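Below you'll find the structure, written out as structure tokens, and then a few comments.
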Amino acid sequence: MTEYAWPATLRPSRLSFYLQHNTLRFVSPVTRATQVLRREGARWVAEASFEPLGRVQAGVMDGLLAALAGSANTVRIWDWRREYRTGDPRSQGDVPTGPYSFSDATIFTDGTGLVVGSGNPSLAAGAPRGALSIVTQGWWPSTVAVGAGDYIGLGGRLYIATAAVAASGAGTATVAIAPPLRAAVVVGEPLVLSLPSVPMRLVSDDEAANPTRPGPFAAVTIRLEEAL
């Protein structure tokens, strides 16, 4: 299996991207009381439409889909709706509270500055497989660490923060996440906060279908699911 990078020239015009849970419901036929079992196997799924695609972009797309060979190979994609964490200046002009540094990371001689970004967050403690929260460090003190719905890349997998969290004065934060950790993680592992991605594969061999009126433009819609 080969894992491909997503071509930077392709951005969807429409997107559905969400975490598909794997639960089992038991409903009493008498009282309709319901019990729900949460099982492993929650996965990210996506449906992305690309329209219109010019001749060159359509070629890039067709080439990628051919390389993916149906569900045989994978490609790393992300949620184009939120490519950066809350407070990242690149996210819709939102600027975090707190000090800001210059581009070379220097600050003023009195200790204040213009610090941009999230610091260098990493895990402050290990966590076992299946954990629903992670203890992190390295945030700018007393600022927003992550917002609800922010994405976090960890160990090559994608997680979503289920609630907003502010960093402590020491720059630590405990972040509730979903899905449960795919694998145990160790202290010091860095967090990916810019374009955190997940390996996905096409759900069928027919995803390259492109019903388009012959002409200069093309339209393609593909469906993907996380490669577990």
Side-chain angles (χ1 to χ4, degrees), residues 17-23 36 38 40-44 76-199 226 228:
F17 189 103
Y18 65 97
L19 181 61
Q20 182 186 63
H21 295 280
N22 186 25
T23 62
V36 179
R38 183 176 188 173
E40 293 188 14
R43 62 183 179 181
W44 295 102
R76 296 199 71 91
I77 74 165
W78 57 90
D79 188 344
W80 281 270
R81 298 174 305 162
R82 292 193 297 279
E83 297 176 302
Y84 306 101
R85 60 175 275 280
T86 299
D88 189 303
R90 292 168 292 186
S91 63
Q92 300 178 347
D94 188 10
V95 178
T97 59
Y100 301 90
S101 73
F102 299 106
S103 60
D104 62 356
T106 59
I107 57 177
F108 299 115
T109 55
D110 63 356
T112 62
L114 305 168
V115 179
V116 173
S118 55
N120 296 297
S122 62
L123 291 180
R129 180 174 180 268
L132 285 168
S133 66
I134 51 175
V135 181
T136 62
Q137 61 185 355
W139 305 96
W140 295 115
S142 304
T143 62
V144 174
V146 294
D150 284 354
Y151 290 103
I152 299 171
L154 185 61
R157 291 294 175 176
L158 183 66
Y159 302 94
I160 188 171
T162 58
V165 182
S168 69
T172 61
T174 298
V175 182
I177 60 170
L181 280 178
R182 305 285 193 203
V185 292
V186 298
V187 62
E189 193 162 340
L191 308 184
V192 177
L193 302 170
S194 298
L195 306 179
S197 62
V198 58
E226 182 177 5
L228 296 176

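We count residues from 1, following the sequence as given. Please read all numbers here as calculations on a predicted model, not as lab measurements.
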Next item on the list: For side-chain contact (heavy atoms from CB on, under 4.5 Å), just list the numbers for Ile177 and Ile134, CA-CA rounded to whole Å, side-chain angles, deciding distance to a tenth of an Å, and then say yes or no.
Entry: CA-CA 7 Å; Ile177 60 170; Ile134 51 175; 4.1 Å; yes

N/O donor to acceptor pairs below 3.5 angstrom from side-chain atoms of residues 123-131, sequence neighbours left out:
residue: Arg129; atom: NE; partner: Arg182; partner atom: O; Å: 3.2
residue: Arg129; atom: NH1; partner: Glu40; partner atom: OE2; Å: 3.4
residue: Arg129; atom: NH2; partner: Glu40; partner atom: OE1; Å: 2.8

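- Trp44 has its side chain within reach of Leu158: a pair of non-hydrogen atoms, C-beta onward, lies under 4.5 Å apart.
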Margin query: Run Arg82 and Ile160 through side-chain contact (heavy atoms from CB on, under 4.5 Å) and show every step you take.
Written below: CA-CA 11 Å; Arg82 292 193 297 279; Ile160 188 171; 3.9 Å; yes

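- Looking only at distances, a side-chain donor or acceptor of Arg76 sits under 3.5 Å from a matching main-chain atom of Gly156.
- Although no hydrogens or angles enter the test, the distance criterion places a donor-acceptor pair under 3.5 Å between the side chain of Thr136 and the main chain of Ala173.
- Annotation: side chain of Leu19 is in contact with side chain of Pro179 (closest heavy-atom distance under 4.5 Å).
- Residues Tyr159 and Leu181 meet the side-chain proximity criterion, which asks for heavy atoms closer than 4.5 Å.
- Looking only at distances, no side-chain donor or acceptor of Arg85 sits under 3.5 Å from a matching main-chain atom of Asp150.
- Residues Tyr151 and Val146 form no side-chain contact, since every pair of their non-hydrogen atoms from C-beta on lies 4.5 Å or further apart.
- With sequence neighbours excluded, no residue forms a side-chain hydrogen bond (donor to acceptor under 3.5 Å, both in side chains) with Ser133.
- For Ser168, the side-chain hydrogen bond (donor to acceptor under 3.5 Å, both in side chains) partners at least two apart in sequence or on another chain are Thr172.
- For the pair Ile77/Glu226, no side-chain contact is recorded, criterion being any heavy-atom separation below 4.5 Å from C-beta on.
- One finds the CZ atom of Arg81 at 8.0 Å from the CZ atom of Phe17 (value rounded to the nearest 0.5 Å).
- Between the side chain of Glu189 and the backbone N or O of Gly155, at least one donor-acceptor pair lies under 3.5 Å.
- Shown here for Pro196 and Ile152, the closest heavy-atom pair between the two residues is CB-C, 4.1 Å.
- Atom CG of residue Asp79 and atom CG of residue Leu195 lie 11.0 Å apart, to the nearest 0.5 angstrom.
- In this structure, the side chains of Gln137 and Leu191 stay at 4.5 Å or more apart for every pair of heavy atoms.
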